[in-house]
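Scope of the values below: all heavy atoms of this structure, side chains included, with no hydrogens, waters or symmetry mates.
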Amino acid sequence: MAEKIITAEQPAAMGIHYHYYSLPYMLEQQKRAGYRSIELFCAAPHVHMTAEGVADRAALVKALRDSGLRVVCVTPDNCMGPWQYAAAGAEQIGQCRRYFRHALELAAELDCPYVACHSGWGLLDEPREEAWKRSLDFMSWYCQEAEKLGLTLVMESLRAAETNLVNSLPQLVRYLRELGAKNIRPMIDTCAMAVAGESMEEWFDAFGTQIAHMHFVDGTPYFHLAWGDGDRSLEGYLSVIQANGYTGALTQEITDGRYYDDPAKADRQSYQILRAYMGA
């Protein structure tokens with residue numbers, strides 16, 4: 001019998017692979033799978049958020065509260081379109097500030113402690129350090145806004161194909177050191193970590209108990225897969241989590257298009273595999 005390492009509250013569902021399904025359907029299926037927690041991904045078709053605000057916000061908040069799922073992290077869409085942390089130009093930066101401020105306000109209304117972020121990205125035909133400075137400037141403002149609402153930002157690294165700024169553990173160490181904000185903490189994305197050739201032990205060695213959140217998925221190593229569909233060592237990861245006393249969320253950030261037709265099946269699969277390691 002597997003050792004009971006995690007609690008039933010730690011695995012958190014996420015909604016990216018429900019790209020062609022409604023919010024009520026997603027919430028119901030994730031509850032049926034067994035999840036008690038959710039990381040809210042703020043993108044269509046479940047959340048329509050722009051610089052102008054969150055559409056049907058009251059109905060969204062009510063649906064989440066009525067579901068009984070605890071929102072452990074709010075994640076604004078920040079990898080597509082104009083919404084990013086290293087935007088250039090006064091108008092773009094202004095719109096991005098308004099957009100991400102809405103994510104903070106939504107998290108506060110949902111009594112959610114964390115809002116996820118990353119470094120954004122620079123253009124490949126500009127000096128990297130210019131984009132790095134823009135990102136730090138934006139994040140300094142973002143941390144101040146989060147602090148006003150009693151929120152903590154959790155920051156992940158991305159894959160090198162997604163950003164030319166923070167795409168490794170050493171770069172995240174440097175970034176957070178230069179930022180110097182008290183209400184931003186590191187988070188692990190097991191896909192970005194594995195693609196960079198890093199281990200979970202190295203992340204805990206670097207950050208220790210400062211690690212506050214995880215996107216905890218299988219992979220090969222590149223993809224964000226349901227557990228059982230990749231080649232990562234679940235027991236290896238869980239043993240590191242146990243050794244370091246990590247008790248935060250383990251979000252199932254399942255994103256691959258193979259799950260779009262039947263996302264509920266992927267949720268059930270991951271939950272059942274994790275269930276063997278759950279205590280009360």
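For R185 (side chain) and T152 (main-chain N/O), no donor-acceptor pair under 3.5 Å exists by modelled atom type. Remark: side-chain polar atoms of S135 are not paired, donor with acceptor, to backbone N or O of W132 under 3.5 angstrom. Here the side chain of R70 pairs no donor or acceptor atom with the backbone of R36 at under 3.5 angstrom. With hydrogens and angles ignored, the 3.5 Å screen pairs a side-chain donor or acceptor of H102 with a backbone N or O of A51.
Across A131 and A86, no two heavy atoms sit closer than the pair O-CB, 3.8 Å. Heavy-atom minimum distance, S270 versus W227: OG-N, 2.9 Å. Closest approach of S233 to G236, counting heavy atoms only: OG-N, 2.9 Å. Nearest heavy atom pair, residue W83 against residue T50, reads CZ2-CA, 4.2 Å. For C42 against V47, the heavy-atom pair with the smallest separation is CA-CB, 3.6 Å. A226 approaches D218 most closely through the heavy-atom pair O-CB, 3.4 Å.
Evaluation of the side chain to side chain contact (heavy atoms under 4.5 Å, CB included) rule for K133 yields D137 as partners, not counting sequence neighbours. Under the salt bridge (Lys or Arg N to Asp or Glu O under 4.0 Å) criterion, K62 pairs with D66, not counting sequence neighbours. Residues meeting the side chain to side chain contact (heavy atoms under 4.5 Å, CB included) test with L149, sequence neighbours left out: R101, L104, E105, A108, L151. By the side chain to side chain donor-acceptor pair (under 3.5 Å) test, Y18 pairs with D267, sequence neighbours left out. Remark: Y25 engages Y21 in a ring pair (Phe, Tyr, Trp, His ring centres under 6.0 Å) (not counting sequence neighbours). Under the side chain to side chain donor-acceptor pair (under 3.5 Å) criterion, K148 pairs with E145, sequence neighbours left out. Under the side chain to side chain donor-acceptor pair (under 3.5 Å) criterion, Q10 pairs with no residue at all, not counting sequence neighbours. S140 pairs by the side chain to side chain contact (heavy atoms under 4.5 Å, CB included) definition with Q144, L179, not counting sequence neighbours. For E129, the side chain to side chain donor-acceptor pair (under 3.5 Å) test picks out R174, with sequence neighbours left out. With sequence neighbours excluded, the residues that form a side chain to side chain contact (heavy atoms under 4.5 Å, CB included) with Q272 are R275.
By the 4.5 Å heavy-atom criterion applied to side chains, D229 and F223 are not counted as neighbours. Counting heavy atoms from C-beta outward, E253 and T75 have side chains that stay 4.5 Å or more apart. Using a 4.5 Å cut-off on side-chain heavy atoms (C-beta onward), L165 and Y175 make no contact. The closest side-chain heavy-atom distance from L110 to V61 is below 4.5 Å. The closest side-chain heavy-atom distance from Q171 to S157 is not below 4.5 Å. Using a 4.5 Å heavy-atom cutoff, the side chains of C117 and M187 are not in contact. Under the 4.5 Å side-chain criterion, counting only non-hydrogen atoms from C-beta, Q210 is not in contact with L176. Taking 4.5 Å as the limit, every side-chain heavy atom of T7 sits out of range of all side-chain heavy atoms of T247.
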* side-chain hydrogen bond (donor to acceptor under 3.5 Å, both in side chains) between E39 and H215, intermediate numbers included -> CA-CA 10 Å; E39 178 170 337; H215 287 165; 2.9 Å; yes
* To do: Could you check L169 against F207 for side chain to side chain contact (heavy atoms under 4.5 Å, CB included), going step by step and ending with a plain yes or no?
  => CA-CA 10 Å; L169 172 59; F207 290 121; 3.4 Å; yes
* To do: Decide side chain to side chain contact (heavy atoms under 4.5 Å, CB included) for V115 and L106; before the verdict, give the C-alpha distance in whole Å, the side-chain angles of both, and the deciding distance to 0.1 Å.
  => CA-CA 10 Å; V115 174; L106 182 59; over 6 Å; no
* Yes or no on side chain to side chain contact (heavy atoms under 4.5 Å, CB included) for L238 and Q242, after CA distance, side-chain angles and deciding distance? -> CA-CA 6 Å; L238 290 176; Q242 183 182 44; over 6 Å; no
* Go through Y142 and I184 one step at a time and tell me if the side chain to side chain contact (heavy atoms under 4.5 Å, CB included) criterion holds. => CA-CA 10 Å; Y142 201 30; I184 186 168; over 6 Å; no
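Linking Ile, Leu, Val, Met, Phe, Trp and Tyr whenever their side-chain heavy atoms come within less than 4.5 Å puts M200 and M155 in one cluster. A continuous path of Ile, Leu, Val, Met, Phe, Trp and Tyr side chains, each step under 4.5 Å between heavy atoms, connects M214 with M193, placing both in one hydrophobic cluster. By the rule that hydrophobic residues join a cluster once side-chain heavy atoms approach within less than 4.5 Å of another member, L250 and Y114 end up as members of separate clusters. Clustering ILVMFWY residues whenever any of their side-chain heavy atoms sit less than 4.5 angstrom apart, transitively, puts V154 in a cluster other than the one holding V74. Grouping the Ile, Leu, Val, Met, Phe, Trp and Tyr side chains by contacts below 4.5 angstrom, directly or via other members, places F216 apart from V195.
Ring geometry for F100 versus F138: interplanar angle over 60°, hence perpendicular rather than tilted (30 to 60°).
With rounding to the nearest 0.5 Å, the separation of CG in D77 from OH in Y99 is 4.5 Å. Here the CE atom belonging to M139 is positioned 8.0 Å from the NE2 atom belonging to H118, to the nearest 0.5 angstrom. The CG atom of N164 sits 6.5 Å away from the CZ atom of R128 when rounded to the nearest 0.5 Å. Note that the CD atom of E162 and the CG atom of N167 stand 9.5 Å from one another [nearest 0.5 Å]. How far CG of L40 is from OG1 of T251: 11.0 Å, rounded to the nearest 0.5 Å. Atom CD of residue Q269 and atom CG of residue L225 lie 9.5 Å apart, to the nearest 0.5 angstrom.
Within the structure, ring-ring contact (aromatic ring centres under 6.0 Å, His included) pairs that include any residue of residues 31-71 comprise Y35-Y271 (at least two apart or interchain). Sorted by first then second residue, the salt bridge (Lys or Arg N to Asp or Glu O under 4.0 Å) pairs that include residues 187-215, not counting sequence neighbours, number zero.
No more than 12 heavy-atom neighbours from other residues, nucleotides or ligands sit within 6.0 angstrom of CD on E235.
For the pairing with M26, the side-chain contact (heavy atoms from CB on, under 4.5 Å) check across Q30, E28, Q29 returns one residue only, Q30.
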